[in-house]
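Only heavy atoms go into these numbers, but all of them, side chains included; no hydrogens, no water, no symmetry mates.
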Amino acid sequence: PAAAAVAGLSGAPAAEGALPSQVRCVMSFDSSGWLYLYHFGVCRFMQEHVLPTMPKESFVFSGSSGGALAAASLAGGLPVDPLVEEILSVCWERCRSSPFQMCPAVDYALAKFVPDDGPFGNVWRV
């Protein structure tokens, strides 16, 4: 069902003799302050129900501020539930009284969940 929904994004039919264009879905996550945690609900749904049914090349992700962490999670295949748990248990305590700690907290979370060899070999997806 998800594949059929995304396939509907292909637009107008290609001209006769033209190569069919690759169908792509672009997911963009906006900045949202601490409400970016809601983005992870979308990420979880995507990881569980949509991404496994489609070719990896069918999706590209972008994000701004907190939305960039959500986009990077999807692009890199990072585990959403443990990442959110880490953000709520460690990063929230660090940052709620000092917003300037957000960047180091995100660096900490990414360093914990991104393997040394890194899943971001296809950086065009972010």
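Here the side chain of Ser73 pairs a donor or acceptor atom with the backbone of Leu69 at under 3.5 angstrom. Looking only at distances, no side-chain donor or acceptor of His39 sits under 3.5 Å from a matching main-chain atom of Ala68.
Atom CZ of Phe59 sits about 5.0 Å away from atom CE of Met54, to the nearest 0.5 Å. Taking CD of Glu48 as the start and OG1 of Thr53 as the end, the distance is 13.0 Å to the nearest 0.5 Å.
The shortest side-chain heavy-atom distance between Phe29 and Val42 falls under the 4.5 Å cut-off. For the pair Phe40/Asp81, no side-chain contact is recorded, criterion being any heavy-atom separation below 4.5 Å from C-beta on.
Residues Val80 and Cys43 come closest through the heavy atom pair CG2-CB, 3.7 Å. Of all non-hydrogen atoms in His49 and Pro52, the two that sit nearest each other are C-CD, 4.2 Å.
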After noting the C-alpha distance and the side-chain angles of Leu74 and Gln47, does the key distance pass the side chain to side chain contact (heavy atoms under 4.5 Å, CB included) rule?
-> CA-CA 7 Å; Leu74 286 176; Gln47 283 184 337; 3.7 Å; yes
